[in-house]
2 protein chains.
Amino acid sequence: MWTPCGRADGNANSPRQSQFALDDLIDIPTDFSLYSTALKKFSQGMERPMYRNFRIVPNIIFGRGSFNQLDDVLKDRRVTADSWMVFVVDDVFTGKPLEGRFPLRGRDLLLWVNVDDEPKTRYIDELVARIRAYSPTAPAGIAGIGGGSAMDIAKAVSLMLNNPGSSADYQGWDLIKNPAVYHVAVPTLAGTGAEISRTTILTGPEKKLGINSDYTLYDQILLDPELLAGVPKNQWFYTGMDCYIHDVESLNGTFINEFSKAYGEKSRDLCREVFLDDSPAKDDKLMMASYFGGMSIAYSQVGACHALSYGLSYVLGIHHGVGCCIAFDQLEEIYPEGVQEFRQMMEKHDIPLPRNLTKDLDSASMEKMVTTALNLVPLWENCLGPDWANIMTRERAMELYKKM
Amino acid sequence: MWTPCGRADGNANSPRQSQFALDDLIDIPTDFSLYSTALKKFSQGMERPMYRNFRIVPNIIFGRGSFNQLDDVLKDRRVTADSWMVFVVDDVFTGKPLEGRFPLRGRDLLLWVNVDDEPKTRYIDELVARIRAYSPTAPAGIAGIGGGSAMDIAKAVSLMLNNPGSSADYQGWDLIKNPAVYHVAVPTLAGTGAEISRTTILTGPEKKLGINSDYTLYDQILLDPELLAGVPKNQWFYTGMDCYIHDVESLNGTFINEFSKAYGEKSRDLCREVFLDDSPAKDDKLMMASYFGGMSIAYSQVGACHALSYGLSYVLGIHHGVGCCIAFDQLEEIYPEGVQEFRQMMEKHDIPLPRNLTKDLDSASMEKMVTTALNLVPLWENCLGPDWANIMTRERAMELYKKM
């Protein structure tokens, strides 16, 4: 159950740390009104602080080479002779050594997915139709292998195999009626937290919004740091920064409590070991940083950087990780220490940032970006407090975008 | 499923970090042979490292005052008009303000339990008989409210309501056949990690050994730091040190990997904030330290201190927390920094340690303590490496006990 924590009126007497727990909002640039409705529904008549009942992926395997155990994990689900699995895999692995290691058995289906664009509801519906056409019986399990987008696709497919209609019908909070097909995540990129989140972000015909539900959550994650070995450097960095920036935003926010702080602080410390100290165990540490960053979301929220990056994604189609880096680089006034450390990390790894992205943008598009960013009220409130609108004016947001 | 990680032969070519994952052993002083058998069963024919599939309590509520939400949590389980709950509560709360806050409804049963002695199988069987006599239908849920022993009793009762025979029949690994009744933990002491562990330690007619299974694990934990407020100082300290010492032992051990390290390091850092820095949020932080300490067990192991403290518990009946403190104080050679910091913590809080416990003990009892401690091979191997038996001789262990 999605349960906002506390009252929506910003009453100073209620614990600030408990007012919002909107992991669901993190990747939702557009549909704030839907969120507001859900919040109001739950907050009516609340007279005492309430805390979110946080659901966690209940099974974890961690270790170098643990990918070899995927077969064992799936074996427990192959209860009849007819049981079969679907491997939902990022097509970047076509022809790569990993392809030869997928534990396909019997009638298992290998489904390559393309994530050049962020996942769309139409694409999910097509994949589900292909799986249904392949077999009259449902698969016994889905393994999602890849980065955040591939893991999100596998989540959405698992849900839609057991729920009628289009995935677009379920964008929102707790609209899913039936549990998903059993699904396992095997991340090959670290930083997004998709392996542990209860949402799958989809672009639909009417909105970009996640399917948020406890059923969305994976049943099992398998964290094998060896799988990070072949990631291109820039992608490794941008995705890792999604995690680092998220930690900085939540730790500097007003909603944080000691649960989220413990996870957020350790996640940030691990990012430092990875991106500044060049730890020999850096792949292992980045996997843990991503997992801890996702766990820290329980009772915290992101802030100014994620809000601004949504504007970039919505209007310019910029991918989430690099969008966060572009926005964060302009936020020294809000996160002085974080931005300084982020620049050290960029310099150390010689990472370029796209520049002058908004130079030729017309005024209507610029206004749309500002509106998208400022609509994300809880992010700004977490960052700047209840008086945020007087601090982050439209003019100031516009100035920030002009520098990107 | 309980799955030891890696080979039992101590082969130096297999990753040391993955060889054992014996959370189940942590509180088992006597029955090492049963453990060895289980380990051999799983390790036969393994040719590559294998990592434990770690099961986690899937639902968490954390926050000051969240005890008020216990009613909401249980409400979801009251599916029929006849649904009823059992509150298993440490009798130290009789007549205390907390008693008035138990959300009892309808036919709910309040079951006070006494934990002056560590839980016995006979006691569990009696409690189960009382619950069965109370109603012909099984309860819809069990809430365990108290410290480690009360939480362990609630776990055992939840298991035994759905499994025939005596609880003594199930002491061991994965002997439980049927899932437990839904059970929720509400810790009122922090440090043991019982809220997150997959065992419930029981003293039976033949052995002291946990009921180890994934079914033992709680379905939900509710962490309300306000509940720590009334704990007597010494008990607060000894229980907290169970967590701190466990962190020191696993972080200094040879089995550790980056999953367990991330949790163990943060748990130790939190203990420092609680016991050295006197953080204003110390109750919140100690609850998180205990939870993180429990999570760190996934791929680590305790060491010399826990091994020696089992000898004290087995022969002298000394409670686990204080037993760990007594043993740790003698282990400066093995854990120099940890013991030094521990003494700072004791001094800061003016905590006394029982002394001269073994002064009047006969030689047979002394030998029994040494044997109990040295039988815990994986703890010593984690601590001192494969050559441990030449380092921790019977004579050296005897010398250590004589100083306690």
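When reading the values below, keep in mind they use all heavy atoms of this one structure, side chains included, and skip hydrogens, waters and symmetry mates.
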Checklist entry - Are A:Ile60 and B:Ile56 side-chain neighbours, meaning at least one heavy-atom pair lies under 4.5 Å? => result yes

Checklist entry - Which heavy atom in A:Tyr51 sits nearest to a heavy atom in B:Ser66, and how many Å separate them? => result CD1-CB, 3.6 Å

Checklist entry - With side chains defined as the heavy atoms from C-beta onward, is the minimum distance between B:Met50 and A:Asp72 less than 4.5 Å? => result yes

Checklist entry - Should B:Met287 and A:Phe259 count as side-chain neighbours, where that means a heavy-atom distance under 4.5 Å? => result no

Item to check | Per-residue contact mode, A:Leu270 against chain B (heavy atom under 4.5 angstrom) | outcome: side chain

Checklist entry - Does the pair B:Tyr299 and A:Phe62 meet the rule for a side-chain contact (heavy atoms from CB on, under 4.5 Å), with working shown? => result CA-CA 9 Å; B:Tyr299 303 102; A:Phe62 178 95; 3.8 Å; yes

Next on the checklist: Contact between B:Glu258 and A:Pro225 at the side-chain level, heavy atoms closer than 4.5 Å - yes or no?
Outcome noted: no

Next on the checklist: side-chain contact (heavy atoms from CB on, under 4.5 Å), that's the test. Do A:Lys285 and B:Lys261 meet it? Break it down for me.
Outcome noted: CA-CA 10 Å; A:Lys285 285 180 191 287; B:Lys261 205 170 164 186; 4.2 Å; yes

Checklist outcome for this item: d(A:Gln220 CD, B:Arg55 CZ) to nearest 0.5 Å is 9.5 Å

Checklist entry - Taking atom types as modelled, is there a side-chain donor on B:Gln69 or A:Asn53 under 3.5 Å from an acceptor on the other? => result no

Item to check | Atom group of A:Val57 that falls short of 4.5 Å from chain B, counting heavy atoms | outcome: backbone

Next on the checklist: Heavy-atom cut-off 4.5 Å, strictly under: side chain, backbone, both or neither for A:Tyr263 against chain B?
Outcome noted: both

Next on the checklist: Are A:Ile61 and B:Phe54 packed together at the side-chain level, in the sense that at least one heavy-atom pair is separated by less than 4.5 angstrom?
Outcome noted: no

Checklist entry - Using a cut-off of under 4.5 Å for heavy-atom pairs, which of B:Ala262, B:Ser260, B:Ala289, B:Ser267 has the most such pairs with chain A? => result B:Ala262

